[in-house]
Structure formats: structure tokens, C-alpha cells
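What follows is a single structure, written as C-alpha cells, with notes after it.
Values reported hereafter were calculated over all heavy atoms of this structure, with side chains retained and with hydrogens, waters and symmetry mates removed. Every number for a ligand or one of its atoms is a count from 1 in the order of the listing.
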Amino acid sequence: MSRIRLHDLEFEPFIPEQELSDAISRVAGELEVKYADRRPLFIGVLNGAFFFAAELIKRLEIECEITFVKVASYHGTNSTGRVTDLIGLNERLTDRHVVVLEDIVDTGTTVRYIMDALKDHHPASISICTLLFKPDAYKQNIPIDHVAVRIPNDFVVGSGLDHDGLGRNLPGILRIIKNDT
Ligand code: 5GP
């Protein structure tokens with residue numbers, strides 16, 4: 001695949017589909033060892049994680065469940081002034097082993113919101129598992145337990161990740177071409 005334009009931005013191939021696939025298989029192997037006989041509940045964070053969730057779960061040969069949520073964040077009346085809801089979470093999490101599936105962890109703000117919201121449901125454990133992780137951008141102290149690929153602090157699309165609605169369908173990962181002129 002060559003360069004591609006999405007709205008106002010140009011992207012170039014970055015991580016080939018095969019490399020991504022191999023990385024997902026490695027993560028699946030880690031999870032199978034960790035969660036055998038624990039019947040984990042995977043929670044995919046929409047929209048971006050649909051691709052990673054599907055690719056990951058089809059590789060798992062352990063007993064597991066999967067559901068999806070959307071994160072809604074709005075100003076409220078609590079002490080921080082911000083309220084976060086996980087829309088679509090209907091499962092009972094008490095004493096369950098929960099694995100959050102993210103498309104990308106950047107500053108970690110979203111992971112922080114999700115962790116805080118999930119803790120209220122008293123699961124036995126919570127792990128974070130992400131397709132892509134930008135360590136140079138990360139500002140939280142929550143461990144990112146399972147990472148398929150670490151990437152530099154560049155804007156990327158493909159395999160579920162979009163630029164203003166476009167690019168989720170592109171295979172592999174593409175990164176932005178920076179125009180320094
Ligand atoms: P956070 O900063 O909270 O870790 O990431 C917030 C959200 O920003 C991610 O869930 C993702 O939707 C979006 N995001 C961060 N970096 C990128 C990127 O490089 N590409 C795309 N498409 N979205 C990103």
C-alpha cells in the first residue's frame with residue numbers, strides 16, 4: 001500500500017498487516033497463560049477496539065466472554081468536576097477477571113477514566129491490553145499489562161483507528177506524514 005489521503009492529512013505505511021498479526025498472536029499467548037481457568041471477561045472499548053478485539057479473541061482457546069462499552073465523559077457535579085460513564089456495560093463484574101481491550105493508549109486519560117469506573121463494580125482483577133501504546137506520551141502510573149506494539153508519538157490510523165471517521169478499514173497501521181514546510 002502506498003500513501004493515502006484522509007480528509008486533510010496524508011499517511012504512509014508503518015506497521016505491515018503481518019507484523020501486527022504476529023504481535024496480536026504473541027499477546028493472545030500471554031493471555032492464555034495468565035487467564036486459563038479464570039474465565040476472563042474482555043471489555044472492548046468502542047469504536048476503535050473492534051478490530052483488535054475480534055482478532056485477539058479468535059486466537060484464544062480458553063473459556064472467556066467479551067462485551068463492548070463506549071466511554072462517555074462529561075462535566076458533572078462530583079469533586080473532580082468530571083463524570084465518566086461506561087455505556088453498555090450490563091455484565092456483573094463482581095469477582096470477575098476483567099481485561100480492558102483498547103485500540104491505542106496515548107496519554108492514558110481514557111485508561112484512567114475506565115479504571116476508575118470499573119473499580120466501582122468490584123472485579124477480582126483488571127488488566128489493560130492494547131493494540132498500540134505510545135510510551136513517550138503516557139502520563140499515568142497505571143501499568144499497561146499487555147501491549148501488541150509500542151510506537152513513537154506519531155498520529156496513526158488503520159486496523160480500527162480513524163482520522164475523523166476515515167481509515168478504520170485500512171489494513172496494518174499507517175502513520176501521518178509530517179509536513180514541516
Ligand atoms: P488517551 O490520550 O486518553 O490515552 O487516548 C485518547 C484517545 O485518543 C484514544 O482512545 C484514541 O481514540 C485517540 N488517539 C490517541 N492517539 C491516536 C492516534 O495516533 N491515532 C488515532 N486514530 N487516535 C488516537
Side chains of Lys34 and His146: do they bring a donor and an acceptor to under 3.5 Å?
-> yes
Amino acids contacting ligand 1, non-hydrogen cut-off under 4.0 Å = Asp103, Ile104, Val105, Asp106, Thr107, Gly108, Thr109, Thr110, Lys134, Asp154, Phe155, Val156, Leu161, Asp162
In residues 49-57, what donor-acceptor pairs under 3.5 Å come from side-chain atoms, sequence neighbours left out?
from	atom 1	to	atom 2	distance (Å)
Glu55	OE1	Lys58	NZ	3.3
Glu55	OE1	Arg59	NH1	3.0
Glu55	OE2	Lys58	NZ	3.1

Quick one: does His7's side chain get under 4.5 Å of Leu166's, heavy atoms only?
-> yes
For residues 8-20, run the donor-acceptor check on the side chains, cut-off 3.5 Å, and write out each pair with its distance to 0.1 Å, sequence neighbours left out.
from	atom 1	to	atom 2	distance (Å)
Asp8	OD1	His163	NE2	2.9
Glu12	OE2	Arg175	NE	3.4
Gln18	NE2	Asp22	OD1	2.9

Residues at least two apart in sequence or cross-chain that pass side chain to side chain donor-acceptor pair (under 3.5 Å) with Lys119, listed by chain then number, are none
Under 3.5 Å, is there a donor-acceptor pair linking the side chains of Thr94 and His122?
-> no
